[in-house]
There are 2 protein chains.
Amino acid sequence: MDIKISFKVNEAVFLRDPEKSDLGRTIIKNSIDLINNLGFEAFTFKKLAIEMGTAEASIYRYFENKHRLLLYIISWYWKYMDFLLDFQLQNLTDQKIKLKTIIRLLTHELPIHTGGLDYNIKFLNQIVITESSKVYLVKEVNEINKSEVFKPYKELCAKIATVITAYNKKYAYPKSLSSTIIEAAHHQQFFSQHLPRLTDVTPKNKNEFACLFIENLVFGVLG
Amino acid sequence: MDIKISFKVNEAVFLRDPEKSDLGRTIIKNSIDLINNLGFEAFTFKKLAIEMGTAEASIYRYFENKHRLLLYIISWYWKYMDFLLDFQLQNLTDQKIKLKTIIRLLTHELPIHTGGLDYNIKFLNQIVITESSKVYLVKEVNEINKSEVFKPYKELCAKIATVITAYNKKYAYPKSLSSTIIEAAHHQQFFSQHLPRLTDVTPKNKNEFACLFIENLVFGVLG
DNA sequence: ACATTAATGATAGTAATACTATTATTTAAA
DNA sequence: TTTAAATAATAGTATTACTATCATTAATGT
């Protein structure tokens with residue numbers, strides 16, 4: 001069975017759905033590559049158009065601006081993460097194992113699901129670590145939030161919070177703990193890569209570090 | 001006694017030291033106001049120059065670009081935070097009270113120290129919450145880091161880590177916990193202001209929320 | 001007090017960015 | 001096979017992110 005995975009991203013994010021045309025999919029694929037290469041600040045639609053051999057105006061038909069395009073990519077990622085989480089938590093009954101599975105997912109490169117997915121998951125992962133907070137850390141956050149485009153993040157957060165509560169019914173801050181571990185997963189990965197003195201990473205545990213730290217944190221708080 | 005507080009920010013951050021001239025100080029003061037008003041993305045040197053009634057070129061004599069200016073402001077903030085921390089931890093012996101004092105400082109508006117400080121601390125606080133991570137979440141982070149401009153953040157982190165270790169010698173991740181609570185302090189404040197569903201904030205505890213959550217987190221992990 | 005240096009103001013200019021608009025051409029749908 | 005929709009190609013504008021020049025003002029040293 002050759003399943004094509006695709007996720008519906010909120011329509012408010014784009015002008016034309018990039019999933020529904022070759023050009024659209026090429027835009028997303030090349031954006032992921034180029035944002036990863038240049039960083040979001042230096043990334044422009046012009047450069048993307050040149051990279052793709054298309055016109056700048058074509059990209060503007062899909063996205064209002066590069067911030068929306070990033071929002072699309074990040075939303076897509078959260079939807080994919082949500083899907084993987086459902087998939088991996090399936091049939092698990094032990095809440096501790098569920099939490100460990102979640103933490104593992106949040107702190108590692110996403111497994112590449114055979115079939116579908118022509119996006120570079122390694123790059124996507126790096127983009128999420130470095131750029132994801134830029135989608136909401138903007139002046140217009142309240143305005144943007146009204147169109148519900150942050151829903152995928154909120155839903156993932158709520159889902160993790162449910163598992164937290166199932167593990168420890170008395171814990172008072174399941175959603176905050178959830179958003180904190182998501183963000184900390186990114187930060188600790190970024191710091192261990194670029195600013196290791198902000199962490200306790202060692203050369204030995206470099207890849208596992210964020211996971212170890214967050215597991216210790218979560219089970220420390222939840223008991 | 002009328003003490004003027006000032007902090008030496010690493011010289012690599014600026015071209016000309018803004019603390020050493022009226023124009024320089026006006027640049028910083030107005031930047032804080034304007035970044036708070038417009039957000040960092042919409043903030044430009046041109047707008048700042050108009051606001052100040054000076055020429056754009058004058059500002060470029062102090063800072064290479066707006067990223068460096070933000071880095072200056074954020075570095076200044078960390079130095080000020082470090083100073084306040086020393087001040088408030090003075091004479092405290094109970095490590096638990098020390099940690100609570102730290103968490104309180106990280107999650108509240110900084111107290112305005114009489115004398116000195118013509119910067120708007122309320123605004124500065126908001127800028128740190130919303131913009132501070134943008135100084136390191138950039139492609140050039142390794143390059144920038146070489147000039148030691150992130151030292152104030154690292155030193156604050158190390159200082160907090162010392163207290164964490166003093167409180168619990170067995171805890172394996174003092175620096176990561178330290179950077180995590182600093183970042184979480186910002187995120188949880190931002191989320192409770194703008195995206196409350198990512199938190200467990202209630203209308204009642206809105207101002208105290210981040211503090212309560214992080215206290216619970218820290219003493220949960222450290223025992 | 002005067003000369004020298006340094007800082008600022010005023011103005012101009014350039015390349016790149018972030019778009020919008022127009023029209024011709026290709027592709028897809030009715 | 002007609003019609004509509006999507007794309008390519010091209011142009012154009014306002015703003016951004018700078019750099020350069022030169023006159024003026026302020027600060028400093030002797």
Side-chain angles (χ1 to χ4, degrees), chain A residues 11-31 33-35 37-73 131 134-135 138-140 143-144, chain B residues 6 9 11-31 33-35 37-73 131 134-135 138-140 143-144:
Chain A
E11 300 204 349
V13 179
F14 49 74
L15 301 171
R16 197 199 300 296
D17 190 344
E19 285 278 328
K20 284 186 177 147
S21 73
D22 281 339
L23 184 64
R25 284 182 291 268
T26 312
I27 288 172
I28 304 305
K29 189 181 161 12
N30 284 275
S31 295
D33 297 352
L34 202 56
I35 292 174
N37 261 321
L38 304 176
F40 185 61
E41 282 73 26
F43 167 83
T44 70
F45 279 4
K46 181 87 214 177
K47 289 172 188 167
L48 176 60
I50 292 168
E51 188 82 5
M52 291 171 56
T54 186
E56 207 185 345
S58 303
I59 297 160
Y60 275 103
R61 276 188 218 103
Y62 283 82
F63 294 99
E64 218 179 308
N65 53 49
K66 70 174 183 171
H67 182 269
R68 290 286 161 149
L69 172 52
L70 180 63
L71 184 54
Y72 179 91
I73 292 171
E131 321 289 2
K134 295 172 190 171
V135 307
V138 292
K139 199 70 192 172
E140 318 82 43
E143 209 48 42
I144 297 172
Chain B
S6 82
V9 170
E11 300 205 348
V13 179
F14 49 74
L15 300 171
R16 200 199 300 298
D17 189 345
E19 287 277 327
K20 283 186 176 148
S21 71
D22 282 338
L23 184 64
R25 283 181 292 267
T26 310
I27 288 172
I28 303 306
K29 190 180 161 13
N30 284 274
S31 295
D33 297 352
L34 202 57
I35 292 174
N37 262 320
L38 304 177
F40 185 62
E41 282 74 24
F43 168 83
T44 69
F45 279 4
K46 181 88 214 177
K47 289 173 187 167
L48 175 61
I50 291 168
E51 188 82 3
M52 291 172 57
T54 187
E56 208 186 343
S58 302
I59 298 160
Y60 276 103
R61 280 193 207 100
Y62 283 82
F63 295 98
E64 218 179 309
N65 53 48
K66 69 174 186 172
H67 182 268
R68 289 286 160 149
L69 173 52
L70 180 63
L71 183 54
Y72 179 90
I73 291 170
E131 321 289 2
K134 295 171 190 171
V135 307
V138 292
K139 199 71 190 170
E140 317 81 43
E143 207 48 41
I144 297 172

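Residue numbers start from 1 in every chain, and the chains themselves are labelled A, B, ... in the order their sequence lines are given, proteins ahead of strands.
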For this session: Could you please name the option among C:dG9, C:dT20, D:dA8 that lies closest to any side-chain atom of A:Thr54?
Result: D:dA8
For this session: Please check if the side chain of A:Ser31 supplies one atom and the backbone of A:Ile27 the other of a donor-acceptor pair under 3.5 Å.
Result: yes
Exercise. Quick one: B:Lys46 NZ to C:dA18 P, roughly how many Å, whole number?
Worked result: 19 Å
Exercise. Quick one: B:Tyr60 OH to D:dC18 C1', roughly how many Å, whole number?
Worked result: 5 Å
For this session: Measure the distance from CG on A:Leu38 to C1' on C:dA16 and round it to the nearest whole Å.
Result: 14 Å
Exercise. Whole-Å distance between D:dA9 P and A:Ile59 CD1?
Worked result: 13 Å
Problem set entry | Between CG on residue B:Leu34 and CZ on residue B:Phe40, distance to nearest 0.5 Å | 11.5 Å
Seminar exercise, completed: Among D:dA20, D:dA9, D:dA6, the one nearest any side-chain atom of B:Ala57 is D:dA20
Exercise. How many Å lie between CG on A:Leu48 and P on C:dC19, as a whole number?
Worked result: 14 Å
For this session: Would you please confirm or rule out a distance under 4.0 Å between OP1 or OP2 of D:dA6 and any side-chain N or O of A:Arg16?
Result: yes
Exercise. Whole Å only: how far is the CZ atom of A:Arg25 from the C1' atom of D:dA6?
Worked result: 14 Å
For this session: Taking only the side-chain nitrogens and oxygens of A:Lys47, find out if one of them lies under 4.0 Å from OP1 or OP2 of C:dA16.
Result: no
Exercise. So which of residues 62-72 of chain A are in contact with DNA chain C, with a heavy-atom cut-off of under 4.0 Å?
Worked result: A:Glu64, A:Asn65, A:Lys66
Exercise. If only side-chain N and O atoms of A:Ser58 are considered, is one of them under 4.0 Å from the OP1 or OP2 phosphate oxygen of D:dT7?
Worked result: no
Exercise. Nearest to the side chain of B:Ala55, which nucleotide is it out of C:dT20, D:dA9, C:dA10?
Worked result: C:dA10
Exercise. Separation of A:Phe45 atom CZ from C:dA16 atom C1', in whole Å?
Worked result: 16 Å
Problem set entry | Which residues share a side-chain hydrogen bond (donor to acceptor under 3.5 Å, both in side chains) with B:Lys66, sequence neighbours left out | none
For this session: Rounded off to whole Å, could you give me the CZ-to-P distance for the A:Phe14 and D:dA6 pair?
Result: 13 Å
For this session: Would you verify whether the NZ or CZ of B:Arg16 falls within 45 degrees of the ring axis of B:Tyr62 while also being under 6.0 Å from that six-membered ring's centre?
Result: yes
For this session: Identify, between A:Glu56 and B:Leu23, the residue whose nearest nucleotide on DNA chain C lies closer to the 5' end.
Result: B:Leu23
For this session: May I have the step-by-step check of side-chain contact (heavy atoms from CB on, under 4.5 Å) for A:Tyr72 and A:Ile28, ending in yes or no?
Result: CA-CA 9 Å; A:Tyr72 179 91; A:Ile28 304 305; 3.5 Å; yes
For this session: Indicate yes or no: does A:Glu41 engage A:Lys134 in a salt bridge with an N to O separation below 4.0 Å.
Result: yes
For this session: Using only side-chain N and O atoms of B:Ser21, determine if any of them is under 4.0 Å from OP1 or OP2 of C:dT8.
Result: yes
For this session: Would you please name every residue forming a side-chain hydrogen bond (donor to acceptor under 3.5 Å, both in side chains) with A:Arg25, sequence neighbours left out?
Result: A:Asp22
